[in-house]
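These numbers come from the heavy atoms of this one structure, side chains and all, not from hydrogens, waters or symmetry mates.
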Amino acid sequence: MITILLAASILAPSAADYFPLVPGTKWHYEEHVGKGVTIHLDEVLEPVDVGGHPATPIASSLNGHVYDTVYYRVVDDTVMLVAYDAKKPLELPVPILKVGDGRIRWEHVGETQLANEPAALSMKCESAPKGEREVLGRRVPVIELKVDASVGGSDMTGIRNRQTAIYAKGIGLVELKGEGTVGPRTTKFERKLVKFEPGGAS
């Protein structure tokens with residue numbers, strides 16, 4: 001029985017496999033928002049202390065300028081967003097991705113950041129394995145994540161965000177499609193991985 005349980009734990013998918021937080025890892029994304037196209041770089045930095053526990057920052061940049069840094073922590077089968085500022089951890093970490101053998105559904109009510117200010121967050125999420133897909137020339141297992149989130153108030157300033165993302169084993173986010181709605185206006189967006197540089201020892 002112990003051998004069977006050990007084998008099952010070894011074969012079970014890990015959240016870290018689909019959201020690698022190895023310092024030096026870089027993702028280059030082509031992003032489409034409306035009619036605009038830009039190339040963004042996400043880079044994993046060295047872990048830091050956030051609320052008394054290690055967390056790993058990912059810095060996002062455009063044209064060499066870092067415009068956002070978000071702090072993450074992997075807890076068992078879940079990737080948690082723990083802070084937008086290392087000195088101000090979220091009271092309730094946000095479970096942004098869960099990984100398992102089958103479909104997983106979860107909800108979260110807490111806080112996020114909007115225009116550099118705290119904002120209410122409500123999420124309904126679902127993840128599920130989707131077999132294999134060719135990513136940058138090789139076939140890898142993937143997980144599909146669907147998120148329906150509301151940020152801010154329910155008036156004209158609140159944001160409704162619906163998106164579908166694909167995460168690949170050993171790589172991370174490879175594709176994101178969705179739309180954001182503010183009042184009567186809806187904007188579609190898409191992000192696609194065009195280059196991946198794994199971190200770690202060279």
Side-chain angles (χ1 to χ4, degrees), residues 18-19 25-44 57-72 78-85 88 90 92-99 103-128 130 133-136 142-168 171-196:
Y18 289 84
F19 202 93
T25 299
K26 297 179 182 180
W27 299 270
H28 301 255
Y29 293 103
E30 182 178 270
E31 186 169 288
H32 299 250
V33 179
K35 295 182 179 180
V37 181
T38 50
I39 300 294
H40 296 250
L41 170 66
D42 285 356
E43 180 176 3
V44 180
I58 294 181
S60 299
S61 60
L62 177 64
N63 297 325
H65 173 69
V66 175
Y67 61 84
D68 195 21
T69 301
V70 182
Y71 299 81
Y72 299 93
T78 305
V79 179
M80 310 293 293
L81 190 164
V82 299
Y84 294 96
D85 181 335
K88 299 177 181 178
L90 295 174
L92 290 176
V94 182
I96 63 165
L97 176 65
K98 288 181 177 286
V99 176
R103 191 176 305 276
I104 304 174
R105 294 185 176 93
W106 70 97
E107 297 184 13
H108 175 80
V109 176
E111 189 175 270
T112 186
Q113 185 171 282
L114 180 62
N116 296 319
E117 294 293 334
L121 170 67
S122 177
M123 298 168 52
K124 292 184 178 180
C125 310
E126 177 182 299
S127 67
K130 289 295 179 177
R133 174 181 291 198
E134 184 168 322
V135 178
L136 301 178
V142 299
I143 286 177
E144 181 184 75
L145 170 68
K146 293 183 178 181
V147 177
D148 187 342
S150 297
V151 179
S154 57
D155 57 12
M156 296 293 285
T157 62
I159 298 175
R160 179 77 178 275
N161 189 303
R162 301 180 183 88
Q163 62 186 43
T164 299
I166 299 294
Y167 287 83
I171 297 175
L173 176 68
V174 298
E175 182 180 290
L176 174 67
K177 294 181 179 181
E179 60 182 31
T181 301
V182 181
R185 182 179 177 181
T186 295
T187 301
K188 294 184 181 296
F189 55 87
E190 182 176 351
R191 175 172 276 212
K192 184 176 181 180
L193 183 68
V194 293
K195 183 179 179 182
F196 173 65

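Considering only residues two or more places apart in sequence or on other chains, Arg191 meets the salt bridge (Lys or Arg N to Asp or Glu O under 4.0 Å) condition with Glu31, Asp42. Residues passing the ring-ring contact (aromatic ring centres under 6.0 Å, His included) test with His40, sequence neighbours excluded: Tyr67. Qualifying side-chain hydrogen bond (donor to acceptor under 3.5 Å, both in side chains) partners for Tyr84, counting only residues two or more places apart in sequence or in other chains: Thr112. A search for side chain to side chain contact (heavy atoms under 4.5 Å, CB included) contacts involving Ala168 returns Val135, Val140, Val142, Ile171, Val174, not counting sequence neighbours. The salt bridge (Lys or Arg N to Asp or Glu O under 4.0 Å) test applied to Arg103 returns Glu126, not counting sequence neighbours. Not counting sequence neighbours, the partners of Ile104 by the side chain to side chain contact (heavy atoms under 4.5 Å, CB included) test are Lys98, Trp106, Ser127. For Lys188, the side chain to side chain contact (heavy atoms under 4.5 Å, CB included) partners are Glu179, not counting sequence neighbours. Residues passing the salt bridge (Lys or Arg N to Asp or Glu O under 4.0 Å) test with Lys177, sequence neighbours excluded: none. By the side chain to side chain contact (heavy atoms under 4.5 Å, CB included) test, Val109 pairs with Ser122, sequence neighbours left out. Listed by chain and number, the residues in a salt bridge (Lys or Arg N to Asp or Glu O under 4.0 Å) with Glu43 amount to none (sequence neighbours excluded). For Thr181, the side-chain hydrogen bond (donor to acceptor under 3.5 Å, both in side chains) partners at least two apart in sequence or on another chain are Thr186.
The distance from the CG atom of Leu136 to the CG atom of Leu193 is 5.0 Å, given to the nearest 0.5 Å. Atoms NZ and CG, from Lys130 and Leu145 in turn, are 11.5 Å apart once rounded to the nearest 0.5 Å. Annotation: the span from Ile143 atom CD1 to Leu173 atom CG amounts to 12.5 Å, rounded to 0.5 Å. Separation of atoms OG1 (Thr187) and NZ (Lys35) is listed at 12.5 Å; rounding is to 0.5 Å. For the atom pair CG of Asp85 and CD of Gln113, the computed distance is 8.0 Å after rounding to the nearest 0.5 Å. From Leu41, atom CG reaches atom NZ of Lys195 across 9.5 Å, with rounding to the nearest 0.5 Å.
Pairs passing the salt bridge (charged side-chain N to carboxylate O under 4.0 Å, His left out) check and including a residue from residues 109-125, sequence neighbours excluded, do not occur.
The shortest heavy-atom contact between Phe189 and Val33 is CB-CG2, 4.1 Å. Taking both residues in full, the closest heavy atoms of Ile39 and Leu62 are given as O-CD1, 3.2 Å, listed atom of the first, atom of the second, then distance. Trp27 and Gly172 get closest at one heavy-atom pair: NE1-CA, 4.3 Å. The minimum heavy-atom distance linking Phe196 with Thr25 is given by the pair CE1-CG2, 3.5 Å. In terms of heavy atoms, Val44 sits closest to Ile58 at CG2-CG1, 4.1 Å. Here the shortest heavy-atom pairing between Pro93 and His108 reads O-CE1, 3.3 Å.
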One pair to check against side chain to side chain contact (heavy atoms under 4.5 Å, CB included): Leu90 and Leu81. What are the steps and the verdict? CA-CA 8 Å; Leu90 295 174; Leu81 190 164; 3.7 Å; yes
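Side-chain atoms of Tyr72 do not come within 3.5 Å of backbone N or O of Phe19 as any donor-acceptor pair.
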